[in-house]
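Data block below; observations after.
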Amino acid sequence: MTDNYNDDEVIDQEEKKQEKFCFLCRRPESKAGPMIELPNNIHICTDCMQKSFNSMNQQFNDGKFNYADLMNMPNVSMIDLSSFQNPGQQPQKIHKKKKEEKAEKPVLDLKNIPAPHKIKETLDQYVIGQEKAKKVMSVAVYNHYKRVATDTMDEIEIEKSNMLMIGPTGCGKTYLVKTLAKLLDVPLAIADATSLTEAGYIGDDIESVVSKLLAAADNDVERAEHGIIFIDEIDKIAKKKNTNQRDVSGEAVQQGMLKLLEGSEVEVPVGANSKNAMVPLVTVNTRNILFICGGAFPDLENIIKERLNKQASIGFYADLKDKYDHDPHLLQKVTVEDIRSFGMIPEFIGRLPIIFTLDGLSEDMLVKILKEPKNAILKQYQKLLALDEVKLEFEEGALHAIAAKALEKDTGARALRAILEEYMLDIMYEIPKDDNIGEVVITREYIEGNGGPKVQLRGQERIEKR
């Protein structure tokens, strides 16, 4: 008797781990209710089925739907409602994810939030330079998640610390946010502002950025409400100047994002970028979602120069007009008025209280980016060749030559990979041919086109390859 009882208990536990999911909205039976079973082991929840009927009825009433066409369509059969009412039929078995076991734990614990100096130490391992930006982000994120974890402090409500980061292309804006989200173990959604349009126009709705975050959190609303949304290319939604047409992807998007940034309850489609009759909606509160906006703002330097020249161009002690032309830290002098002149509306800027800039990369910084971060590009190539039992070394002069070429391209750290791919192509192609090669040294002469890399055979002295 005892053995039979234990076997029944194991079967019951196994049944609990298995559940039917809706074919359309992917919600489990525990959330959506009883499922309607269709041929080929397809299950549909009553909500999705009702929406389908409503859509068909609407087309019947409008006279646009021909019932005969439905009957002649291939692979369409009528619903067997008797199977829905028959409890004895075997349901479709789909295993639940074990992630639900972790749902009982609190999403955020104040003790588990790393202090600002620890956040910055981790960022230092991956991002070279940008000391002020890393410090500002560390403090802002720490304060934000303290606010989320405590919810309130004695009737004093702490406001959100949304951020706006300004920096030239390839200086590490997106990389900083990715590293930050990985460190905090929170869901991250990276959206591109260029695809956003006003509601009703072709393109992504503004709520689609929250929909991406929900997807990153595995459709867990509570976890998504504590995530980070990074909106890249935010400068591309600036107000268009000298246009008489409706600005559906500029000022209108800024206005549509105001409530989203501040904190409001929005209805978000699950598993889609736009709302329609067949997609279920969930309500997400953006009050505790941290928004980080980033952009290159390419003409902002000219706006800053113009303002500074106006301030210092009158009187005997006036500065020369070209004083700020070669200032590498010109972006650090940015003000809210400059961003407004660029085309961002005041209400939008007001909801991004923390504004900071990232410096353009110098040659020395590019050399450090090549070799110092945990996943530096050179370390990646060295690991690839180590799999072929070949040691790869770079002379210091070669690194500076690569950095100088990258500066000429003016695309920041992204240029480093492109240049290295070009010079490493022949080496990566030739090395697997010869098992005798033990070490390869990349020289400055090879990068500048005046020589070749130094190759050392196993057990022999290093020779130069011509």
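Being a predicted model, the structure only gives us computed values, none of them experimental. Only this structure's heavy atoms are used, side chains among them; waters, hydrogens and symmetry mates stay out.
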Under 3.5 Å, is there a donor-acceptor pair between the [X] and [Y] side chains?
X      : Y      : value
Glu262 : Asn162 : no
Asp338 : Thr335 : yes
Arg444 : Asn450 : no
Ser362 : Asp364 : no
Glu121 : Gln125 : no

Q: Please collect all salt bridge (Lys or Arg N to Asp or Glu O under 4.0 Å) contacts where either partner lies in residues 376-388, sequence neighbours excluded, each pair once.
A: none

Q | Qualifying salt bridge (Lys or Arg N to Asp or Glu O under 4.0 Å) pairs, either residue in residues 398-420, two or more places apart | A | Arg417-Glu421

Is there a side-chain contact between [X] and [Y] (heavy atoms, below 4.5 Å)?
X      : Y      : value
Leu164 : Phe356 : no
Ile339 : Val334 : yes
Ile431 : Asp434 : no
Val284 : Glu225 : yes
Ile402 : Leu420 : yes
Ile237 : Leu196 : no
Met257 : Val209 : no
Leu361 : Gln130 : yes

[X], [atom1]: over 12 other non-hydrogen atoms inside 6.0 angstrom:
X      : atom1 : result
Glu131 : CD    : yes
Tyr423 : OH    : yes
Lys236 : NZ    : yes

[atom1] of [X] to [atom2] of [Y]: how many Å apart, nearest 0.5 Å?
X      : Y      : atom1 : atom2 : answer
Asn143 : Lys160 : CG    : NZ    : 14.5 Å
Lys173 : Phe230 : NZ    : CZ    : 7.0 Å
Gln382 : Gln380 : CD    : CD    : 10.5 Å
Thr194 : Asp235 : OG1   : CG    : 10.0 Å
Leu184 : His144 : CG    : NE2   : 9.5 Å
Tyr446 : Lys454 : OH    : NZ    : 14.5 Å

(Q) Could you go through Met137 and Val177, starting from their C-alpha distance and side-chain angles, then the distance that decides it, and tell me whether this counts as side-chain contact (heavy atoms from CB on, under 4.5 Å)? (A) CA-CA 9 Å; Met137 287 185 80; Val177 179; 4.2 Å; yes

Side chain [X], main chain [Y], donor-acceptor under 3.5 Å:
X      : Y      : value
Asn285 : Arg287 : yes
Thr283 : Glu265 : no
Ser264 : Lys259 : yes
Lys239 : Ala252 : no
Arg351 : Glu347 : yes
Thr357 : Gly167 : no
Gln254 : Gly343 : yes
Ser211 : Glu207 : no

Closest approach of [X] to [Y] (non-hydrogen atoms, all atoms of both residues):
X      : Y      : value
Tyr126 : Pro373 : O-CB, 3.6 Å
Gly360 : Met365 : O-SD, 4.2 Å
Val127 : Lys134 : O-NZ, 2.9 Å
Leu261 : Leu352 : CD2-CD2, 4.4 Å
Ile442 : Pro453 : CD1-CB, 4.2 Å
Asp359 : Cys171 : O-CB, 3.6 Å

Q) Stepwise, does the side chain to side chain donor-acceptor pair (under 3.5 Å) test hold for Asn288 with Arg147? A) CA-CA 8 Å; Asn288 291 330; Arg147 165 186 178 273; 3.1 Å; yes

Q) Checking side-chain contact (heavy atoms from CB on, under 4.5 Å) for the pair Leu290/Ile229: CA distance, chi angles, key distance, verdict? A) CA-CA 6 Å; Leu290 180 63; Ile229 293 178; over 6 Å; no

Determine, for [X] against [Y], whether the closest basic-nitrogen to carboxylate-oxygen distance falls under 4.0 angstrom.
X      : Y      : result
Asp124 : Lys120 : yes
Arg27  : Asp47  : yes
Lys391 : Glu393 : yes

Q: Assess whether side-chain contact (heavy atoms from CB on, under 4.5 Å) is satisfied between Ile119 and Leu123, documenting all intermediate values.
A: CA-CA 6 Å; Ile119 296 175; Leu123 292 175; 4.2 Å; yes

Q: May I have the step-by-step check of side-chain contact (heavy atoms from CB on, under 4.5 Å) for Phe297 and Met344, ending in yes or no?
A: CA-CA 11 Å; Phe297 291 83; Met344 312 306 285; 4.2 Å; yes

